[in-house]
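First up is the structure itself, then whatever we jot down about it.
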Amino acid sequence: MSARRIPQGQGDSTTGSESGTDYRVSYTLNQYQRGSMVLRFARPPAHRELLEELGKYGIAPASVTDLSAAPVPDPRQRNATVHGEVLNYGREQSPAKPRARRGYIGPVLGLALLAFIVTAATDDQSFERGRVLGSVITSGADFGERVEFCVNALSDIADGSPGPFEDRPSDFALHPANAAFLTGCLL
């Protein structure tokens with residue numbers, strides 16, 4: 001059966017020399033090449049018929065990966081709801097899974113936290129200072145009193161602003177030596 005190509009916008013199924021129904025034929029050749037055209041068929045087209053017609057317009061049937069045909073609504077029925085059945089002839093393709101976009105902030109923060117913990121854990125001098133001062137407070141003190149004593153002791157011995165990898169407690173609250181001192185004092 002032969003189909004006649006109808007220019008876009010002239011989809012009336014009663015005009016022209018042939019009678020039939022206009023179908024919008026959509027095709028995909030690869031990931032980036034897609035197209036469509038309106039063809040007229042006397043009856044719903046088979047997959048083979050669609051491929052033959054596309055071949056007449058220079059589209060190699062072997063390169064078509066997805067193919068569908070849907071009836072074009074009659075322009076005289078603009079206000080009427082027309083539900084045409086879409087005829088799909090393509091290979092079954094699963095929808096692409098969305099890739100999770102992960103930033104670099106999580107790994108960078110993880111590495112910074114790891115560096116902080118390793119530096120605090122290897123700071124023996126501040127840990128021992130904290131342990132010695134922590135032994136001064138009586139064992140009958142509750143945890144809140146112990147924390148208050150250790151924080152006050154830390155502020156008394158804090159040494160200005162040493163570098164981030166030095167083993168002296170600092171005025172900066174998030175310093176590895178401060179963490180080592182407080183850990184020693186509270187244990």
Side-chain angles (χ1 to χ4, degrees), residues 1-123 147 161 163-165 170 172-180 182-183:
M1 158 173 244
S2 155
R4 185 170 70 97
R5 184 163 192 236
I6 309 296
Q8 289 284 6
Q10 299 180 5
D12 187 358
S13 61
T14 60
T15 62
S17 60
E18 294 182 27
S19 63
T21 304
D22 294 341
Y23 287 88
R24 181 173 191 262
V25 178
S26 300
Y27 56 90
T28 303
L29 301 179
N30 61 36
Q31 184 177 1
Y32 301 107
Q33 293 180 314
R34 295 184 174 106
S36 65
M37 63 177 67
V38 176
L39 299 173
R40 180 169 290 166
F41 293 94
R43 55 181 164 63
H47 183 252
R48 183 185 48 78
E49 290 175 306
L50 290 172
L51 289 175
E52 287 174 7
E53 289 302 318
L54 290 176
K56 291 178 183 177
Y57 293 101
I59 299 169
S63 65
V64 175
T65 59
D66 190 28
L67 185 62
S68 65
V72 175
D74 190 341
R76 293 174 293 183
Q77 298 175 349
R78 258 187 211 160
N79 295 333
T81 305
V82 178
H83 297 286
E85 181 182 341
V86 176
L87 307 172
N88 285 315
Y89 300 103
R91 297 181 186 120
E92 196 64 33
Q93 295 179 354
S94 61
K97 294 180 183 177
R99 287 191 294 166
R101 291 190 159 196
R102 296 185 181 179
Y104 294 103
I105 193 76
V108 168
L109 287 177
L111 286 174
L113 182 63
L114 181 67
F116 181 86
I117 291 170
V118 167
T119 306
T122 58
D123 189 357
V147 169
S161 150
F165 298 107
S170 168
F172 181 63
L174 295 176
H175 194 277
N178 292 359
L182 288 174
T183 302

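Because the structure is predicted, anything quoted here is derived from the model rather than measured. Values reported hereafter were calculated over all heavy atoms of this structure, with side chains retained and with hydrogens, waters and symmetry mates removed.
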How far apart are the C-alpha atoms of V64 and L50, what are their side-chain angles, what is the distance that settles it, and do they pass the side chain to side chain contact (heavy atoms under 4.5 Å, CB included) test? CA-CA 11 Å; V64 175; L50 290 172; over 6 Å; no
Before you tell me yes or no, could you show the steps for L39 and E49 under side chain to side chain contact (heavy atoms under 4.5 Å, CB included), namely the whole-Å CA-CA distance, both residues' side-chain angles and the distance that decides it to 0.1 Å? CA-CA 11 Å; L39 299 173; E49 290 175 306; over 6 Å; no
CA sep, side-chain torsions, deciding dist, call: R48, E52, salt bridge (charged side-chain N to carboxylate O under 4.0 Å, His left out): CA-CA 6 Å; R48 183 185 48 78; E52 287 174 7; 2.9 Å; yes
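Residues forming a side chain to side chain donor-acceptor pair (under 3.5 Å) with S26 (at least two apart in sequence, or on another chain): R24.
Heavy atoms only, all atoms of each residue included: P61 and L51 are closest at CG-O, 3.7 Å. In this structure, S36 and Y27 approach most closely via the heavy-atom pair N-CE2, 3.7 Å. Considering all non-hydrogen atoms of both residues, Y23 and P71 come closest at CD2-N, 3.7 Å.
A donor-acceptor pair is defined here as one N or O able to donate and one able to accept, closer than 3.5 Å; no such pair exists between the side chain of T28 and the backbone of T65.
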